[in-house]
2 protein chains.
Amino acid sequence: MSEGSVVVMDGSDPSPDPVDLEDLHVTVGRRLRAASMRYSRSRFSVVEVLAAGGRPLTLPEILAAGHGSGLAQSSAYRNLGELVEVGVVRRVESGYEHSRFELHESLTGHHHHLVCIECGRVDDFEVPDEFEAGIEGLVGEAAARGFRIESHRFDMLGRCSTCQEKV
Amino acid sequence: MSEGSVVVMDGSDPSPDPVDLEDLHVTVGRRLRAASMRYSRSRFSVVEVLAAGGRPLTLPEILAAGHGSGLAQSSAYRNLGELVEVGVVRRVESGYEHSRFELHESLTGHHHHLVCIECGRVDDFEVPDEFEAGIEGLVGEAAARGFRIESHRFDMLGRCSTCQEKV
DNA sequence: CTTTCTGCAAACGATTTGCAGCAGC
DNA sequence: GCTGCTGCAAATCGTTTGCAGAAAG
């Protein structure tokens, strides 16, 4: 649960995610070993690709990015599933043809998504602290409905710059 | 696009959705006819089930609720797809085994979802106006990232009352 | 060496679709 | 009576899984 290398975003940095690769791999290796799993070459490659992507990627994107690594589709899916289980990867259902995968928030920091309703592309998006605080306030309201809230998901849907041009 | 029977929620009513069935069917019939489609018995039944559900339902749930109507699975899917196209139904991807379907927000009012991470159940959830206002403020920020926002999606994830007991 | 991975190919399962007969208007 | 809708069964397609050989430690 506790993790020393959590990256805290301050909202003032517009660049993707300066996650330190060194730390990242150390942390991932630790989490895998804790589950008596190996940090194999293909798992390493998947993590590397996700870190470089800086946004949720589909399986085809992951395979293409790891070009030459010759990773089989089934292995990639299997790796992703395992990484999800040890809390290194998070699966993002975009509702388009493919699921998307990104590094877990414990590694990249809490954020939300900008989803293109045209091409399905998903970008990361951080919101002001006061907004997040407002969300916390809603948790109590949900409790009144019998729900015990663990997390939330906030997406803004629209058209990315590329797809706006196509109109 | 414009529609006279849009239901506006004021956020003070905790009950599900007092959508008037009469109005609902009239509106749906109008939208279908506008697309030169018929308001067939099975489409009617699907709309009725969704209205009664008051929350996003899966296809199995829809078929079960319309018991006796003998609606074929493929027809239900086809009806739902058509209703989505004419703006009567909205598809909600829960990320669990089945997609879910609910009446379009133009018929039920804008709302969000409480999602049970255990059983996949989804309940409707309305947030205070000031919260929605805060969301609008984020649209401009997204624009700075090249995205033109059309809508948003906010889900709170947790465990429903039934699934809390199972622990 | 032993245990855990990987690739391959087959299996799955939710959703979609072609087609011939039925229903709405 | 047309035209559009429905059920049935087959096809899709992203994702999962069984298995035999290949790596990790």
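This one's a predicted model, so the numbers in the text were calculated from it and none came from an experiment.
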Donor + acceptor pair across side chains of A:E61, A:H98 (<3.5 Å): no

Rounded to whole angstrom units, what separation is found between the CG atom of A:L80 and the P atom of C:dC5? 15 Å

Please give, in whole Å, the distance from D:dC5 C1' to B:N79 CG? 8 Å

Under a 4.5 Å cut-off applied to non-hydrogen side-chain atoms, are A:R100 and A:R55 in contact? yes

Rounded to whole angstrom units, what separation is found between the CZ atom of B:F44 and the P atom of D:dG4? 23 Å

I'd like to know whether the aromatic ring centres of B:F154 and B:F131 sit less than 6.0 Å apart in this structure. yes

Quickly work out the B:L63 CG to C:dT15 P distance and round it to whole Å. 11 Å

Whole-Å distance between C:dC5 C1' and A:L71 CG? 11 Å

Do A:H110 and A:H152 have their ring centres less than 6.0 Å from each other? yes

Using a cut-off of 4.0 Å between protein heavy atoms and nucleotide atoms, how would you tag nucleotides 20-25 of chain C 5' to 3' with B, S and -? ---BB-

Phosphate contact (D:dG14 OP1 or OP2) by A:S99 side-chain N/O below 4.0 Å: no

Tell me whether B:L21 shares a hydrophobic cluster with B:L103, the cluster being built from Ile, Leu, Val, Met, Phe, Trp, Tyr side chains joined at under 4.5 Å. yes

Step by step, would you call B:D123 with B:R121 a salt bridge (Lys or Arg N to Asp or Glu O under 4.0 Å)? CA-CA 7 Å; B:D123 273 16; B:R121 178 190 171 104; 2.9 Å; yes

For B:R33, report the nucleic acid contact type (base, sugar-phosphate, nothing); a contact means any heavy atom under 4.0 Å. nothing

What's touching nucleotides 8-10 of chain D from the protein side, N or O pairs under 3.5 Å?
{"from": "D:dC8", "atom 1": "N4", "to": "B:S74", "atom 2": "OG", "distance (Å)": "3.1"}

Centroid-centroid distance, A:H25 to A:F44, less than 6.0 Å: yes

For B:S36, which contact category applies under a 4.0 Å heavy-atom criterion: base, sugar-phosphate, or nothing? nothing

What is the distance, to the nearest angstrom, from the OH atom on A:Y77 to the C1' atom on C:dG7? 16 Å

From CZ of A:R91 over to C1' of D:dT16, roughly how many Å is that when rounded to an integer? 10 Å

Ionic contact status for B:E93 with B:R91, cut-off 4.0 Å: yes

Counting the atoms with a prime plus P, OP1 and OP2 as sugar-phosphate, which does B:E97 contact under 4.0 Å by heavy atoms, base, sugar-phosphate, or nothing? sugar-phosphate

Keeping to residues at least two apart or across chains, list the salt bridge (Lys or Arg N to Asp or Glu O under 4.0 Å) pairs with something in residues 34-52 of chain A. A:R43-A:E82

Atom NE2 of B:H98 to atom P of D:dG14: distance rounded to whole Å? 19 Å

